[in-house]
A.B. asks: 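Just passing along the structure, written as structure tokens.
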Amino acid sequence: MPADRALRIVLAEDSVLLRDGLVGLLTRFGYEVVAAVGDADALLAAAAEHRPDVVVTDVRMPPGFQDEGLHAAVKLREERPGLPVLVLSQYVQRAYAAELLDSGNGTGVGYLLKDRVGQVEEFVDALREVAAGGTVVDPEVVRQLLRRRRDPLARLSPREREVLGLIAEGKSNGAIAKALVVSDAAVGKHIGSILTKLDLPPADDTHRRVLAVLAYLRS
């Protein structure tokens with residue numbers, strides 16, 4: 001995206017109050033909401049018309065209030081693999097998160113619970129990360145995925161689980177070190193131990209590491 005223009009967003013949310021609130025929030029932070037719609041069909045049409053830089057969509061929308069928004073997002077990413085998509089959900093849905101993360105080319109995707117929108121700075125940071133091609137997953141999603149897998153995740157120490165959760169949020173080694181008040185070297189050792197215990201190959205690229213860990217958790 002050219003640096004001299006605002007990030008262009010298509011927003012899909014069936015709740016009028018939340019939709020209007022998100023439009024106001026995004027505008028306040030300098031984004032341009034080129035379309036704000038209330039159902040999946042309108043989302044597909046708006047994305048085709050405006051060719052946005054980012055799509056922000058709810059999972060459950062009319063007419064069935066099941067996973068229409070998610071399916072629309074996946075379809076858009078099939079048509080434009082590089083299109084960043086941030087999905088908002090009321091509840092943790094393991095299948096929804098897996099389908100989203102598997103869509104397109106695996107970059108520029110985010111899955112957040114709607115409660116996270118109330119934490120404005122975190123929401124905006126997540127949007128920026130997704131728009132830049134990163135992967136962001138809500139910490140609660142990570143925690144529930146961890147609870148569902150007892151082996152071999154049970155082999156991880158409590159600190160390693162903390163580190164894994166922060167990795168899945170897309171945080172860098174330096175950011176993890178700051179959050180846990182430890183050294184960068186300690187974080188590196190924890191990550192090496194996690195990858196070893198999960199039988200994952202080490203990788204220098206943080207984004208690939210996030211996808212690898214999440215792919216393992218989804219298996």
Side-chain angles (χ1 to χ4, degrees), residues 1-37 52-60 69-70 73 83-93 96-97 100-101 107-146 159 161-184 187 190-191 205-207 209-211 213-214:
M1 184 194 74
D4 58 352
R5 70 171 175 84
L7 199 70
R8 300 171 66 254
I9 297 175
V10 164
L11 170 67
E13 166 59 53
D14 66 285
S15 166
V16 176
L17 288 176
L18 181 55
R19 185 167 69 239
D20 289 349
L22 283 169
V23 170
L25 173 63
L26 293 169
T27 301
R28 178 158 58 92
F29 276 85
Y31 299 108
E32 179 185 359
V33 181
V34 295
V37 301
D53 300 307
V54 185
V55 166
V56 178
T57 180
D58 187 11
V59 168
R60 298 183 178 184
L70 174 74
L83 175 64
V85 172
L86 177 59
V87 168
L88 305 176
S89 180
Q90 188 69 41
Y91 309 101
V92 177
Q93 296 286 350
Y96 292 164
L100 175 69
L101 291 166
T107 62
V109 290
Y111 183 97
L112 292 181
L113 296 181
K114 287 186 177 180
D115 289 346
R116 194 68 53 188
V117 178
Q119 301 176 37
V120 175
E121 291 186 1
E122 289 189 30
F123 172 68
V124 173
D125 286 345
L127 179 60
R128 288 171 180 157
E129 179 70 19
V130 169
T135 302
V136 177
V137 182
D138 195 285
E140 182 59 27
V141 176
V142 175
R143 281 192 286 270
Q144 294 206 20
L145 289 174
L146 288 173
R159 178 47 62 96
R161 285 174 177 261
E162 284 186 277
V163 172
L164 179 60
L166 293 170
I167 290 173
E169 290 178 48
K171 295 190 181 299
S172 66
N173 285 17
I176 294 173
K178 183 177 180 180
L180 300 180
V181 195
V182 298
S183 68
D184 287 358
V187 171
H190 285 311
I191 291 173
D205 183 81
T206 301
H207 176 68
R209 185 178 64 208
V210 171
L211 293 181
V213 171
L214 291 176

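Every heavy atom of this structure was used, including side-chain atoms; hydrogens, water molecules and symmetry mates were not. Counting begins at 1 with the first residue of the sequence.
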A.B. asks: D20 and side chain to side chain contact (heavy atoms under 4.5 Å, CB included): which partner among L17, L18, V16, L22?
C.D. replies: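 Among L17, L18, V16, L22, the one meeting side chain to side chain contact (heavy atoms under 4.5 Å, CB included) with D20 is V16.
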A.B. asks: Tell me, do N173 and D184 make a side-chain contact under 4.5 Å, heavy atoms counted?
C.D. replies: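 No, their side chains stay 4.5 Å or more apart.
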A.B. asks: Would you name the heavy atoms of V85 and A73 that are closest together and state the gap between them?
C.D. replies: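 Smallest interatomic distance, heavy atoms only, reads CG1-CB, 3.7 Å.
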A.B. asks: Report the distance from atom OG of S15 to atom CZ of R60, rounding to the nearest 0.5 Å.
C.D. replies: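 Rounded to the nearest 0.5 Å, the OG-CZ separation comes to 15.0 Å.
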A.B. asks: Could you tell me the separation between the CG atom of L113 and the CG atom of L88, rounded to the nearest 0.5 Å?
C.D. replies: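 Atom-to-atom, L113:CG and L88:CG are 9.0 Å apart.
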A.B. asks: Considering all heavy atoms of both residues, which atom of A6 and which atom of G30 are nearest to each other, and what is their separation?
C.D. replies: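 Between these two residues, the closest heavy atoms are CB-O, 3.1 Å.
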A.B. asks: Using side-chain heavy atoms (C-beta onward) and a distance below 4.5 Å, is L164 in contact with R161?
C.D. replies: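 With C-beta onward as the side chain, the pair stays apart.
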A.B. asks: Walk me through whether L26 and L127 qualify under side chain to side chain contact (heavy atoms under 4.5 Å, CB included).
C.D. replies: CA-CA 10 Å; L26 293 169; L127 179 60; 3.4 Å; yes
A.B. asks: How long is the span from the CD1 atom in I9 to the OG1 atom in T57, to the nearest 0.5 Å?
C.D. replies: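 Taking CD1 in I9 and OG1 in T57, the distance rounds to 12.5 Å.
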A.B. asks: Can you see which heavy atom on V23 is nearest to which on A36, and at what distance?
C.D. replies: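 Scanning both residues, the minimum pair turns out to be CG2-CB, 3.8 Å.
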A.B. asks: Which heavy atom of L180 sits nearest to which heavy atom of E162, and what is that distance?
C.D. replies: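 Shortest heavy-atom separation between L180 and E162 comes out as CD2-OE2, 3.7 Å.
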A.B. asks: Among residues at least two apart in sequence or on other chains, which ones pass side-chain contact (heavy atoms from CB on, under 4.5 Å) with V130?
C.D. replies: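 Partners of V130 under the side-chain contact (heavy atoms from CB on, under 4.5 Å) test: P84, L86, V136.
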A.B. asks: Which heavy atom of R19 sits nearest to which heavy atom of E13, and what is that distance?
C.D. replies: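 R19 and E13 have their closest heavy atoms at NH1-O, 2.5 Å.
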A.B. asks: Short question: side chain of D138, backbone of Y111 - any donor-acceptor pair under 3.5 Å?
C.D. replies: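 No; judged by distance alone, with no hydrogens or angles, the pair does not exist.
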A.B. asks: Quick one: are Y31 and D53 in side-chain contact, heavy atoms under 4.5 Å?
C.D. replies: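 No. Closest side-chain heavy atoms not under 4.5 Å.
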A.B. asks: Looking at NZ of K171 and CD of E129, how far apart are the two atoms once the value is rounded to the nearest 0.5 Å?
C.D. replies: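 The CD atom of E129 is 9.5 Å from NZ of K171, to the nearest 0.5 Å.
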A.B. asks: Check whether any side-chain heavy atom of F29 sits under 4.5 Å from a side-chain heavy atom of L7, and report yes or no.
C.D. replies: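 Not touching, per the 4.5 Å side-chain cut-off.
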A.B. asks: Check D58 with K114, please: is the shortest side-chain N to carboxylate O separation under 4.0 Å?
C.D. replies: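 So K114 pairs with D58 through a salt bridge.
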A.B. asks: Check for a donor-acceptor pair, side chain of E32 on one end and backbone N or O of V34 on the other, with a separation under 3.5 Å.
C.D. replies: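 Checked: no pair found.
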A.B. asks: Any side-chain heavy-atom pair from I176 and H190 closer than 4.5 angstrom?
C.D. replies: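 No, side chains not in contact.
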